[in-house]
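In this text, all values refer to a predicted model and were calculated from it rather than measured experimentally.
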Amino acid sequence: MAHTSQKTLRLILGDQLNAHHSWLSHVDTSVTYVLMEIRSETDYAHHHIQKVIGIFAAMRHFAQHIEQLGHKVIYIQLSDSRNLHSFDKNCAALIAEHSFTHFEYLYPDEYRVDEHLKNFANELSIATKAYDTEHFYSHRHGLKELFEGKKTYLMETFYRHMRKKHHVLLTDGDKPMYGKWNFDADNRKKLPPKHKPIAPLVFDNHLKHIEDEIRVAGVKTIGEVDSQHFIWPVSRAQSLSLLDYFIEYCLP
C-alpha cells in the first residue's frame, strides 16, 4: 500500500489576519493557507462599501505578507472564475484538487460562520481540527466558566476579572490604577465649549481596482467611498502607525 504524505489546508478568515499566530511561527511546506473573498460573506447583510474594500485590501496585504515569509498561500479573489463563493464549497474543491489529507481552521468569532465551518468539518472524510485565533485575552469558554452557577451576568464582573487575571492597569496588588475601575461617568459628559478635536491620521490608499471588482460583481453595499484615496489602514504597518499616533497625540 502506497504511503500518502500529509498535506494540510488551513483556512484564514478576513478578521483573523494575525501575523503572530503560532501557525505562522515557522514555515511548513506541507501546509497551504487559503483566504477567500466570497459572496456568502458580502451578501448576508448590506455592508458599508468602505468596510468591504477595507477588509479585502487587508486580506490581500496579509496574504502577500505571509507568502513573502515563505508560506504557501492560495488566494481566491471575488472575481476569480474558480470562486464558488462559500467557505465549504471552495475548500471542498481545493481538497479534491490538491489531495489534501487534513483541513484546519481558526474558530470564527461569528456564531453563523462557526456553525457553518463546524458542520463542514464534520462532513469531511479527512482529518479536521479547529484552533484558537489567539487574538483575545480570554479563551473560548472563559465567559461560561466565569458565570457558571451565577444568577446575574454583568459585563463589569467579566471586565474586572480580566483586569485582575492579566494585571492590567492595577496597582498595590489588585487595586485599580487611579482608584476607579472605570470612568464611564466621565465619558457621558459633554465636550467643553469651543473644543477642537485632534485631527485624525488618515491614509492615502489607492484601491479603485478593488471597488471596481465589487461594483462589477454586483455586490450591494451602503454608503460612499473615495477609493482613490482610501483613508483607513489596510496593513499591519499602517495600523501600528495609527496606534502610535493615538498614543502620542490623543492620550492625556
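- Applying the side-chain hydrogen bond (donor to acceptor under 3.5 Å, both in side chains) rule to Q228 yields no partners; only residues at least two apart in sequence or on another chain are considered.
- Partners of F147 under the ring pair (Phe, Tyr, Trp, His ring centres under 6.0 Å) rule, at least two apart in sequence or in another chain, are Y153.
- Within the structure, the ring-ring contact (aromatic ring centres under 6.0 Å, His included) test picks out the following pairs touching residues 178-221 (sequence neighbours left out): H206-H229.
- Within the structure, salt bridge (charged side-chain N to carboxylate O under 4.0 Å, His left out) contacts touching residues 85-101 (residues at least two apart or in different chains) do not occur.
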Enumerate donor-acceptor pairs with a distance under 3.5 Å from any side-chain N or O in residues 214-221 to protein atoms, sequence neighbours excluded.
from: R215; atom 1: NE; to: E211; atom 2: OE2; distance (Å): 3.2
from: R215; atom 1: NH2; to: E211; atom 2: OE2; distance (Å): 3.1

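- With sequence neighbours excluded, the residues satisfying ring pair (Phe, Tyr, Trp, His ring centres under 6.0 Å) with Y44 are H47.
- The ring-ring contact (aromatic ring centres under 6.0 Å, His included) pairs that include a residue from residues 51-97 are Y33-H71, where partners are two or more places apart or lie in different chains.
- Checked against side-chain hydrogen bond (donor to acceptor under 3.5 Å, both in side chains), D132 has no partners two or more places apart in sequence or in another chain.
- Residues meeting the ring pair (Phe, Tyr, Trp, His ring centres under 6.0 Å) test with F246, sequence neighbours left out: none.
- Residue pairs meeting the salt bridge (charged side-chain N to carboxylate O under 4.0 Å, His left out) criterion with at least one partner in residues 16-33, sequence neighbours excluded, do not occur; the list is empty.
- Residues passing the side-chain hydrogen bond (donor to acceptor under 3.5 Å, both in side chains) test with T133 are H135, sequence neighbours excluded.
- Take Y137 and apply the ring pair (Phe, Tyr, Trp, His ring centres under 6.0 Å) test, not counting sequence neighbours, and it matches H166.
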